[in-house]
Amino acid sequence: MGNSNGCTVDDLQAVEMHLWYKKFMTECPSGQLTLHEFKQFFGLKGLDQEANAYIEQMFRTFDMNKDGYIDFMEYVAALSLVMRGKMEHKLRWYFKLYDVDGNGCIDRHELLNIIKAIRAINGNENQDATAEEFTNRVFDRIDINGDGELSLEEFVEGARSDEDFMEVMMKSLDLRHIVAMIHNRRRSV
């Protein structure tokens, strides 16, 4: 089942994978991305403390085998999840990313720091509430048992029912600029 050019979906996926590999190996010839290279790779420089902590947490979450590096397979797995994964899998991954201390729940302080970091990275334009107000609103809406912590179940169900919170999460890993960069290189090759 091909398109008018005779390319199949598998061919397109192989081309895309090849482009991802070229980008990865160009930016990281050793095949193992360090935290410093990760920040450069995604154009994340001069971040404030909250944003830097968020990026470090994102790196640790992408580093699935916890060896201090992101190899190509971890990179592809993360990109595939973020760009194509099912919503349930994305939400579980976001939960893991936001649960900075790894205790199985997200408290107000963790969420507040994530919201501040996302805003620092993406800019604060068009924000109708402070990070503190937004965090309080999220907890008021989705902390069902009122214990001041979000369990995985509360997080997943809450994200599905709260459009504002879902939008913030989707922006927290907006990799469109990476995809655009990869596609621009393909056109120039």
Side-chain angles (χ1 to χ4, degrees), residues 2-3 5-104 106 110 113-123 152 155-156 168-189:
N3 61 18
N5 297 331
C7 292
T8 65
V9 172
D10 288 339
D11 291 337
L12 294 174
Q13 289 174 340
V15 168
E16 186 174 54
M17 186 69 67
H18 177 73
L19 292 171
W20 286 0
Y21 183 74
K22 272 180 68 173
K23 166 73 175 151
F24 186 83
M25 293 308 290
T26 299
E27 298 294 327
C28 183
S30 72
Q32 293 186 313
L33 200 60
T34 65
L35 175 60
H36 176 73
E37 291 167 329
F38 179 77
K39 289 178 184 178
Q40 287 182 319
F41 191 79
F42 288 103
L44 302 168
K45 299 173 186 166
L47 302 174
D48 67 17
Q49 187 175 355
E50 283 95 5
N52 196 53
Y54 174 66
I55 295 306
E56 289 175 10
Q57 175 67 9
M58 186 186 305
F59 179 86
R60 286 189 298 273
T61 305
F62 284 167
D63 178 15
M64 294 170 202
N65 66 359
K66 306 299 178 210
D67 66 355
Y69 300 97
I70 297 173
D71 63 30
F72 181 68
M73 292 310 293
E74 289 168 328
Y75 166 77
V76 168
L79 278 180
S80 294
L81 173 69
V82 171
M83 292 170 42
R84 294 196 184 99
K86 293 180 180 179
M87 187 54 63
E88 176 78 17
H89 295 136
K90 285 183 183 183
L91 291 173
R92 289 178 178 279
W93 189 84
Y94 282 116
F95 182 85
K96 183 178 176 185
L97 176 63
Y98 293 3
D99 180 15
V100 176
D101 62 11
N103 70 348
I106 299 169
E110 286 172 319
N113 285 338
I114 294 293
I115 300 303
K116 286 180 179 178
I118 292 167
R119 288 182 175 188
I121 292 167
N122 294 334
L152 175 61
F155 182 85
V156 169
V168 167
M169 282 191 299
M170 293 301 115
K171 286 182 179 177
S172 72
L173 277 178
D174 184 358
L175 300 179
R176 284 178 294 189
H177 67 287
I178 298 298
V179 173
M181 189 170 35
I182 291 168
H183 286 286
N184 287 339
R185 283 200 178 157
R186 178 171 54 181
R187 283 190 215 121
S188 66
V189 173

A.B. asks: Look only at the side chain of Gln57 and the backbone of Leu97, and say whether a donor-acceptor pair between them is shorter than 3.5 Å.
C.D. replies: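 It does hold such a pair.
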A.B. asks: So, do Val76 and Phe24 sit near enough that their side-chain heavy atoms are less than 4.5 Å apart?
C.D. replies: no
A.B. asks: Within the structure provided, determine whether Ile55 and Phe38 are in side-chain contact (heavy-atom separation under 4.5 Å).
C.D. replies: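 A side-chain contact under 4.5 Å exists here.
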A.B. asks: May I ask you to decide if the ring planes of Trp93 and Phe62 are parallel, tilted or perpendicular, using 30° and 60° as cut-offs?
C.D. replies: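 The arrangement is parallel - the two ring planes meet at less than 30°.
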A.B. asks: Kindly compute the distance separating CZ (Phe95) from OG1 (Thr61), expressed to the nearest 0.5 Å.
C.D. replies: 12.0 Å
A.B. asks: Would you name the heavy atoms of Cys28 and Glu37 that are closest together and state the gap between them?
C.D. replies: SG-OE1, 3.8 Å
A.B. asks: To the nearest 0.5 Å, what is the distance between CZ on Arg60 and NZ on Lys96?
C.D. replies: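 That separation rounds to 11.5 Å.
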A.B. asks: Show the nearest heavy-atom pair for residues Glu88 and Val156, with the distance to one decimal.
C.D. replies: OE1-CG1, 3.8 Å
A.B. asks: Hey, what do you get for OH (Tyr94) to CE (Met87), rounding to the nearest 0.5 Å?
C.D. replies: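 The CE atom of Met87 is 7.5 Å from OH of Tyr94, to the nearest 0.5 Å.
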A.B. asks: With side chains defined as the heavy atoms from C-beta onward, is the minimum distance between Asn113 and Tyr54 less than 4.5 Å?
C.D. replies: no
A.B. asks: Distance from Leu33 atom CG to Tyr75 atom OH, nearest 0.5 Å?
C.D. replies: 9.0 Å
A.B. asks: Ignoring hydrogens, what is the shortest heavy-atom contact between Met64 and Ala78? Give both atom names and the distance.
C.D. replies: CE-N, 4.2 Å
A.B. asks: Looking at Lys39 and Glu56, what are the two nearest heavy atoms and their distance?
C.D. replies: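 For Lys39 versus Glu56, the nearest heavy atoms are NZ-OE2, 3.9 Å.
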A.B. asks: To the nearest 0.5 Å, what is the distance between CD1 on Ile114 and CG on Asp99?
C.D. replies: 10.0 Å
A.B. asks: Tell me if the NZ atom of Lys66 is crowded by more than 12 foreign heavy atoms within 6.0 Å.
C.D. replies: yes
A.B. asks: Is there a side-chain contact (heavy atoms from CB on, under 4.5 Å) between Glu74 and Asp71 once you walk through the steps?
C.D. replies: CA-CA 5 Å; Glu74 289 168 328; Asp71 63 30; 3.4 Å; yes
A.B. asks: Take atom OH in Tyr69; do more than 12 heavy atoms of anything else shown fall under 6.0 Å from it?
C.D. replies: no
